[in-house]
Amino acid sequence: MTSEPEAEGVRLQKVLAKAGVASRRAAEDLIVQGRVSVDGAVVRELGRRVDPDRAVIHVDGTRVILREDLVHLALNKPRGVHTTMYDDQGRPCVGDYVRDRSERLFHVGRLDADTEGLLLLTNDGDLAHRLMHPSYHVPKTYLAEVDGKVPRGLGKELRAGIELEDGPVRVDAFRVKDSMGGRSLLEIVLHEGRKHIVRRLLAEVGFPVRKLVRTAIGDVQLGNGKPGTIRKLNRDEVGGLYRRVGL
């Protein structure tokens, strides 16, 4: 006998519980409170069934990741490591850190060999594509160490825009975090993804970079792990990335 359409799928509260959002009882409360949406529409009835492989579910506006095969990792890339999954010259590369994983992972964007810090690794193609596409304006935060004391008006100049050989670039935010011993530590936020953009930008205004670390992508922070460490992004971090790119 063919099942009725409304009997197909899995109860929404069970799907939420399996995804680690809350216990089944707490998930029922979320639904009744109108905090859960399925495919863009708020759901309040507890009998709602969904297809976990197809449904797009949000709780409090944050996407719930239902596919168990998706992997989202944060690598603290060390200096001297190349952003490739395999290096035919035998140089240290990002792929060395995930050789023992069964998933086919790829890096989201790049960091040059001399730059340290946050690099995302995933098999989530849709998310990765949008994170790398400039039209989604996902901010990246960097700490740059430079020689000398930075003039007071530099931030305003960088926010207004600097002309480089491949076009203008402007930062989203800038501040001097520290200045001592003849060096300055600068925090720069921008959504540009052009090659060596931070280094070229600061060199253009007279402050070549001595050391560069990416500390955040969107709301995902590098954290306190040592260079070379990998951690799994938590549900809020993954949901925040999805929200940034409209998924």
Side-chain angles (χ1 to χ4, degrees), residues 1-75 85 97-98 100-109 118-140 191 216-223 225 229-247:
M1 181 176 179
T2 303
S3 299
E4 294 296 328
E6 61 269 25
E8 295 177 350
V10 183
R11 287 187 180 274
L12 180 56
Q13 56 266 44
K14 184 176 181 180
V15 171
L16 293 175
K18 187 176 181 181
V21 174
S23 67
R24 195 176 303 188
R25 176 57 185 161
E28 291 176 350
D29 292 339
L30 293 174
I31 295 169
V32 171
Q33 293 165 12
R35 296 166 62 185
V36 180
S37 67
V38 177
D39 297 333
V42 173
V43 174
R44 293 179 182 271
E45 67 271 18
L46 295 179
R48 177 66 180 272
R49 292 175 178 267
V50 299
D51 181 349
D53 294 328
R54 296 176 179 272
V56 177
I57 300 174
H58 289 79
V59 175
D60 293 334
T62 297
R63 174 85 172 263
V64 178
I65 308 305
L66 304 177
R67 287 179 51 189
E68 297 180 355
D69 62 316
L70 292 180
V71 176
H72 307 89
L73 304 174
L75 167 67
M85 300 310 290
Y97 294 86
V98 290
D100 59 344
R101 298 192 66 98
S102 60
E103 307 91 356
R104 185 175 181 273
L105 300 173
F106 47 90
H107 50 83
V108 181
L118 180 61
L119 186 70
L120 301 181
L121 301 170
T122 187
N123 58 355
D124 190 339
D126 290 341
L127 176 63
H129 172 73
R130 294 196 182 200
L131 287 174
M132 289 186 287
H133 201 285
S135 65
Y136 290 97
H137 301 289
V138 178
K140 290 93 174 174
H191 57 267
I217 299 174
D219 299 320
V220 178
Q221 301 292 320
L222 176 61
T229 58
I230 294 179
R231 66 178 180 85
K232 182 180 178 181
L233 298 190
N234 62 42
R235 186 176 68 86
D236 288 340
E237 288 175 318
V238 177
L241 291 175
Y242 270 83
R243 186 169 58 249
R244 287 270 185 187
V245 298
L247 287 172

Would you give the length of the straight line joining atom CG of L127 to atom CG of L70, rounded to the nearest 0.5 angstrom?
9.0 Å
Quick check for you: to the nearest 0.5 Å, what is the distance between D53 atom CG and L66 atom CG?
8.5 Å
Taking all atoms of both residues into account, what is the closest heavy-atom pair of L118 and V220, and its distance?
CD2-O, 3.3 Å
Polar side-chain atom of R63 near backbone of Y242 as donor-acceptor pair, under 3.5 Å:
no
Least distance between heavy atoms, A22 atom then A27 atom:
CB-N, 4.0 Å
CG on L121 to NZ on K232, rounded to 0.5 Å:
14.5 Å
Side chain to side chain contact (heavy atoms under 4.5 Å, CB included) between V108 and M132: does it pass, once the steps are laid out?
CA-CA 7 Å; V108 181; M132 289 186 287; 3.8 Å; yes
I want to check something: taking the side chain as every heavy atom from C-beta on, are M85 and V98 in contact at a cut-off of under 4.5 Å?
yes
Any heavy-atom pair between the side chains of V32 and L46 that's under 4.5 Å?
yes
The reported gap from NE2 in H72 to CG in L120 (rounded to nearest 0.5 angstrom) is 9.5 Å
Taking I31's backbone N and O only, do any of them form a donor-acceptor pair with Q13's side chain (distance below 3.5 Å, no angle check)?
no
Can you measure from CG (D219) to CZ (R244) and round to the nearest 0.5 angstrom?
4.5 Å
Between S135 and H133, the two heavy atoms sitting closest are OG-ND1, 2.8 Å
So which heavy atom on L233 is nearest to which on A74, and how close?
CD2-CB, 3.7 Å
Closest approach of T122 to A128 (non-hydrogen atoms, all atoms of both residues)
CG2-CB, 4.1 Å
Is any side-chain heavy atom of K18 closer than 4.5 Å to one of V10?
no
Look only at the side chain of N123 and the backbone of D69, and say whether a donor-acceptor pair between them is shorter than 3.5 Å.
yes
Would you name the heavy atoms of R24 and K14 that are closest together and state the gap between them?
NH2-CG, 3.7 Å
Going by the side chain to side chain contact (heavy atoms under 4.5 Å, CB included) test, name the single residue among D39, V50, T62 that passes it with I57.
V50
Would you say the side-chain atoms of E237 pair up with the backbone N or O of N234, donor to acceptor, closer than 3.5 Å?
yes
State, with a plain yes or no, whether a side-chain heavy atom of V71 is found less than 4.5 Å away from one of L73.
yes
Working to the nearest 0.5 Å, report the span between CG of D236 and CG of L241.
11.0 Å
